[in-house]
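Before any comments, here is the structure.
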Amino acid sequence: MSDPRQRTAEAAGRTPSGKFVYVAAAFAALGGLLFGYDTGVISGALIFIQKTFALSTFHQELVVSVVLVGACAGALSGGRLADRFGRRGMLIFTAVTFIAGALICAMSTNVTMLIAGRAIVGLGIGFASSTVPLYISEVSPAGARGWQVSLFQFAITVGILAAYLVDYAFAGSGNWRWMLGLAVVPGAALGLGMLALPESPRWHAQRGDARKAREVLVKVRGTDNVDAELRDIETTLTQSRERGRISDLWRPEVRMAMVIGIGLAIFQQVTGINTVIYYAPKIIQSAGISSASGAILATAGIGLVNVVMTIVSMWLIDRVGRRPLLLVGIAGMIVSLGVLGYAFYAPTHGGSFAAVAVVTLMCYVAMFAISLGPIFWLLIAEIYPLKIRGSAEGVAAGANWAANFVVSLTFLTLVETVGASWSFWLYAALAVAAWVFSFILVPETKGRTLEEIEASWRTNKSVA
Ligand code: BGC
């Protein structure tokens with residue numbers, strides 16, 4: 001007879017999940033849209049804000065980077081709050097935070113108010129980054145969890161592209177208040193959507209409310225046949241040695257999962273993605289496309305590649321699995337970064353050189369979009385035990401924001417000091433380290449229930 005866990009996993013994978021789960025995943029993913037929009041919009045808005053408030057360089061840096069600091073704090077606290085008050089409650093609070101931040105920014109009368117608004121927006125982004133993947137992973141059936149959680153990354157890329165386009169649309173009038181204020185719309189949609197959606201069934205079970213857990217499972221699976229899944233969740237909870245405390249994050253059976261989450265968080269950033277996302281027009285101009293509109297167009301092209309390749313990744317992720325995509329994608333990033341460094345090394349700039357640089361940037365983003373982009377957010381929603389899932393995921397997301405902050409702050413200085421070539425080669429070397437790290441440590445989670453993944457850490461078996 002086959003292992004009962006195996007049978008449950010298969011059942012969960014095949015569960016004809018009701019349409020409801022799509023709605024739940026899509027609304028929660030709006031948190032990703034706000035994440036992408038609010039991190040992307042500032043590049044185009046800054047020149048106009050600078051004119052309104054006559055900002056010093058220091059204040060400009062603060063307006064940009066305070067979001068990342070807020071996001072780091074939001075991720076760390078948001079995960080813990082989601083364990084305590086529930087995923088749904090936390091997502092409603094996230095929507096309120098986004099709306100408040102966007103309104104304060106749009107209506108700010110001085111730079112202090114603007115910086116405060118941006119810090120609040122940052123908190124919202126942090127809350128979203130620790131809670132959205134968590135919520136989706138807990139309502140999705142095992143066989144579709146990969147692409148449904150990746151909706152979060154998809155929404156991030158759509159948000160970034162939307163920000164580029166909105167910046168472009170308002171560039172003529174220079175109306176930065178609209179650029180920042182428009183985030184209220186997806187914020188309101190997230191809040192209203194979550195008010196109508198249920199709490200995560202796994203969170204109810206963890207609070208000891210089996211009746212509510214069952215109710216939600218019936219609703220999101222679209223069938224009464226949920227007893228096996230519920231039993232699995234409850235068995236896992238009784239076997240779990242964690243008690244939901246912060247100190248549990250470093251228990252021996254959780255430690256490896258923490259190392260993987262934090263490691264991937266750092267590698268996702270130190271391989272340079274946001275130097276491209278935040279500074280693409282600058283990189284493209286330095287490659288020889290001097291017209292501003294040409295640079296903006298090429299940037300929008302990169303944004304589009306990011307969206308399209310994320311869709312490709314979502315199509316593949318539950319079919320070929322996380323590991324193959326991750327390893328192939330990072331390998332592609334290494335090659336692209338190597339070529340990019342070489343392109344900037346070549347003595348003559350302009351013409352075909354600029355074309356090579358833009359195409360290579362696109363390949364690099366494409367490779368990120370099928371690997372480290374979605375898979376980092378997916379894995380940190382899959383690999384932690386239920387009792388500490390929110391807090392653990394918050395730590396990984398917080399590490400991601402801290403690394404993002406360091407890279408964003410140092411990129412321009414790095415290029416000034418060692419030149420563009422060596423900067424991209426440095427990111428290539430770090431991508432080699434990311435590949436080795438992933439090859440050795442990252443488990444395959446495709447098609448397994450969250451409960452099976454949790455059990456495999458406890459029994460000390462590899463999940464791969
Ligand atoms: C990263 C962001 C990045 C985005 C680009 C996300 O997975 O966490 O830092 O800007 O991907 O698509």
Side-chain angles (χ1 to χ4, degrees), residues 29 31-43 64-65 67-72 74-75 78 121-122 125-133 136 149-164 261-280 283 299-314 317 322 325-326 329-330 333 336 361-381 393-394 396-409 411 427 430-431 434:
L33 191 105
L34 284 152
F35 166 159
Y37 185 82
D38 279 319
T39 49
V41 79
I42 197 67
S43 60
V64 174
S65 55
V67 160
L68 303 180
V69 178
C72 188
V121 165
I125 299 177
F127 292 158
S129 66
S130 54
T131 317
V132 173
I136 304 180
V149 177
S150 300
L151 274 175
F152 178 63
Q153 175 70 16
F154 171 69
I156 295 174
T157 61
V158 172
I160 293 172
L161 184 62
Y164 288 159
I262 294 172
L264 283 179
I266 295 172
F267 281 125
Q268 197 209 38
Q269 294 298 324
V270 299
T271 44
I273 185 62
N274 285 317
T275 63
V276 179
I277 300 294
Y278 302 164
Y279 298 107
I283 300 176
T299 305
I302 290 172
L304 194 62
V305 168
N306 199 7
V307 174
V308 171
M309 291 308 286
T310 306
I311 299 176
V312 172
S313 169
M314 286 164 67
I317 207 156
R322 289 51 161 160
L325 268 182
L326 191 61
I330 299 177
M333 288 169 69
S336 321
L361 275 180
M362 287 182 172
C363 289
Y364 165 76
V365 169
M367 290 297 119
F368 173 86
I370 61 161
S371 60
L372 273 175
I375 295 175
F376 159 65
W377 294 111
L378 172 59
L379 280 171
I380 63 167
E393 180 167 357
N400 185 264
W401 288 108
N404 187 339
F405 181 69
V406 172
V407 175
S408 308
L409 221 59
F411 174 62
Y427 297 139
L430 290 165

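Indexing begins at 1, ligand by ligand and atom by atom, following the structure's order. Everything numeric here is computed off the predicted structure, so don't read it as measured data. Atoms considered below: every heavy atom in the structure, side chains included; atoms not considered: hydrogens, waters and symmetry mates.
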Nitrogen or oxygen contacts under 3.5 Å, ligand 1 side and protein side:
from     : atom 1 : to     : atom 2 : distance (Å)
ligand 1 : 7 (O)  : Gln153 : OE1    : 2.6
ligand 1 : 7 (O)  : Gln153 : NE2    : 3.4
ligand 1 : 7 (O)  : Gln268 : NE2    : 2.8
ligand 1 : 7 (O)  : Trp377 : NE1    : 2.9
ligand 1 : 8 (O)  : Gln268 : OE1    : 2.9
ligand 1 : 8 (O)  : Trp377 : NE1    : 3.4
ligand 1 : 9 (O)  : Gln269 : NE2    : 2.9
ligand 1 : 9 (O)  : Asn274 : ND2    : 2.8
ligand 1 : 10 (O) : Asn274 : OD1    : 2.6
ligand 1 : 11 (O) : Gln153 : NE2    : 3.1
ligand 1 : 12 (O) : Gln153 : NE2    : 3.3
ligand 1 : 12 (O) : Asn306 : ND2    : 3.0

### Under the ring-ring contact (aromatic ring centres under 6.0 Å, His included) test, residues paired with Tyr278 that sit two or more places apart
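Here no residue qualifies.
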### Task
Applying ring-ring contact (aromatic ring centres under 6.0 Å, His included), name anything that partners Tyr37, two or more places apart in sequence or on another chain.
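Once residues adjacent in sequence are excluded, Tyr37 has no partner under the ring-ring contact (aromatic ring centres under 6.0 Å, His included) criterion.
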### Message
Students often mix this up, so state it plainly: with edges at 30° and 60°, are the rings of Trp401 and Phe35 parallel, tilted or perpendicular?
### Response
tilted
### Query
Residues in side-chain hydrogen bond (donor to acceptor under 3.5 Å, both in side chains) with Asn306, at least two apart?
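Partners of Asn306 by the side-chain hydrogen bond (donor to acceptor under 3.5 Å, both in side chains) criterion come out as none, since no residue qualifies.
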### Query
Taking Thr39 for the side chain and Gly36 for the main chain, is one N or O donor matched with an acceptor at less than 3.5 Å?
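Yes, the answer is positive, given that a donor and an acceptor are paired below the 3.5 Å cut-off.
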### Task
Kindly say whether Gly301 contributes a backbone atom to a donor-acceptor pair with the side chain of Tyr164 at under 3.5 angstrom?
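No, the answer is negative, given that no donor and acceptor are paired below the 3.5 Å cut-off.
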